[in-house]
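Both backbone and side-chain heavy atoms feed into the values below; hydrogens, waters and symmetry mates do not.
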Amino acid sequence: DAGVTQSPTHLIKTRGQQVTLRCSPKSGHDTVSWYQQALGQGPQFIFQYYEEEERQRGNFPDRFSGHQFPNYSSELNVNALLLGDSALYLCASSLVFGQGARGNTIYFGEGSWLTVV
Amino acid sequence: DQQVKQNSPSLSVQEGRISILNCDYTNSMFDYFLWYKKYPAEGPTFLISISSIKDKNEDGRFTVFLNKSAKHLSLHIVPSQPGDSAVYFCAASEAGTYKYIFGTGTRLKVLA
């Protein structure tokens, strides 16, 4: 049973560039969330995708956007990169909320380490 | 405003003894809580969860206690093993939302 897989594992970008990170959810999961974890901090919620739509968004600017595909995989795009965007980007998958399944556990991938120079 | 707080950045425990990691929250609407363990260069690994309708949940060596009146939860690891050395995060979710709010983590070191 494949867990959550993310790519690439590490990447270095220059300020102002754009980056795309990819995620395949755990087998059987249909919901994907993205989190940003800065050094010494806990993960912070970016947004969640379900049925190919953004269902909820955290306090991140519009430079952060995403997409979910029909096979439930997802991409996170960040435009106009800033030095402060350097962080570990975590994808988490789960079964759908809001259908009597309150409190679904989310399962994380290994993350993508982004360094902006 | 940090809604989920882990006030102890680090904790050292002797192998075989009990490890107690604490987490406080401010939002009374939180109704589901999770604990994760994270090793360096890896993603967080789910450990145990608890719903607000319970005050205790146990899974092997791991037990989570929830005190709703105090807005406090704790993770007990008994007995502690060197392989438990990692950073532990607590996370909380509010009914009607889809996001988890994480604490800043506690680094546990189990000494052999």
Within the supplied structure, the quantity of interest is the number of heavy atoms (other residues, nucleotides, ligands) at a distance under 6.0 Å from [X] [atom1]; does it exceed 12?
{"X": "A:L39", "atom1": "CG", "answer": "no"}
{"X": "A:N59", "atom1": "CG", "answer": "no"}
{"X": "A:Q44", "atom1": "CD", "answer": "no"}
{"X": "A:R63", "atom1": "CZ", "answer": "yes"}
{"X": "A:R57", "atom1": "CZ", "answer": "yes"}
{"X": "B:R17", "atom1": "CZ", "answer": "no"}
{"X": "B:Y25", "atom1": "OH", "answer": "yes"}

query = What are the two closest heavy atoms between A:Q41 and B:T104, and how far apart are they?
reply =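 In terms of heavy atoms, the two residues are closest at OE1-CG2, 3.8 Å.
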key: Minimum-distance pair of heavy atoms, taken over all atoms of B:G43 and A:L90   =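 That would be CA-CD2, 4.1 Å.
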query = Are any of the side-chain heavy atoms of B:F46 and A:F108 separated by less than 4.5 Å?
reply =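 They are not in side-chain contact.
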task = Apply side-chain contact (heavy atoms from CB on, under 4.5 Å) to A:Q37 and B:K38, showing your working.
result = CA-CA 12 Å; A:Q37 185 175 16; B:K38 187 178 186 301; 3.3 Å; yes
ask   = What option among A:W113, A:Y35, A:Y107 has the most heavy-atom pairs under 4.5 Å with chain B?
value =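 Ranked by heavy-atom pairs under 4.5 Å with chain B, first place is A:Y35.
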inquiry  = I'd like to know whether B:Y36 forms a side-chain contact (heavy atoms from CB on, under 4.5 Å) with A:I106, so could you lay out the CA-CA distance, the side-chain angles of the two residues, the decisive distance to 0.1 Å, and finally the verdict.
reply    = CA-CA 10 Å; B:Y36 286 86; A:I106 59 174; 3.0 Å; yes
With rounding to the nearest 0.5 angstrom, report the [atom1] to [atom2] distance, [X] to [Y].
{"X": "B:T45", "Y": "A:E110", "atom1": "OG1", "atom2": "CD", "result": "7.5 Å"}
{"X": "B:K99", "Y": "A:R55", "atom1": "NZ", "atom2": "CZ", "result": "14.0 Å"}
{"X": "A:T105", "Y": "B:Y32", "atom1": "OG1", "atom2": "OH", "result": "3.5 Å"}

Pair B:Y98 + A:Y50: ring centers closer than 6.0 Å =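 Centroid separation for B:Y98 and A:Y50: 6.0 Å or greater.
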ask   = Where does A:I46 contact chain B at under 4.5 Å (heavy atoms): side chain, backbone, both or neither?
value =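 For A:I46, neither part sits under 4.5 Å from chain B.
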query = Applying the 4.5 Å side-chain criterion to the ILVMFWY set and letting contacts propagate, would B:I48 and B:I20 be lumped into a single cluster?
reply =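 No; B:I20 is not reachable from B:I48 via cluster members.
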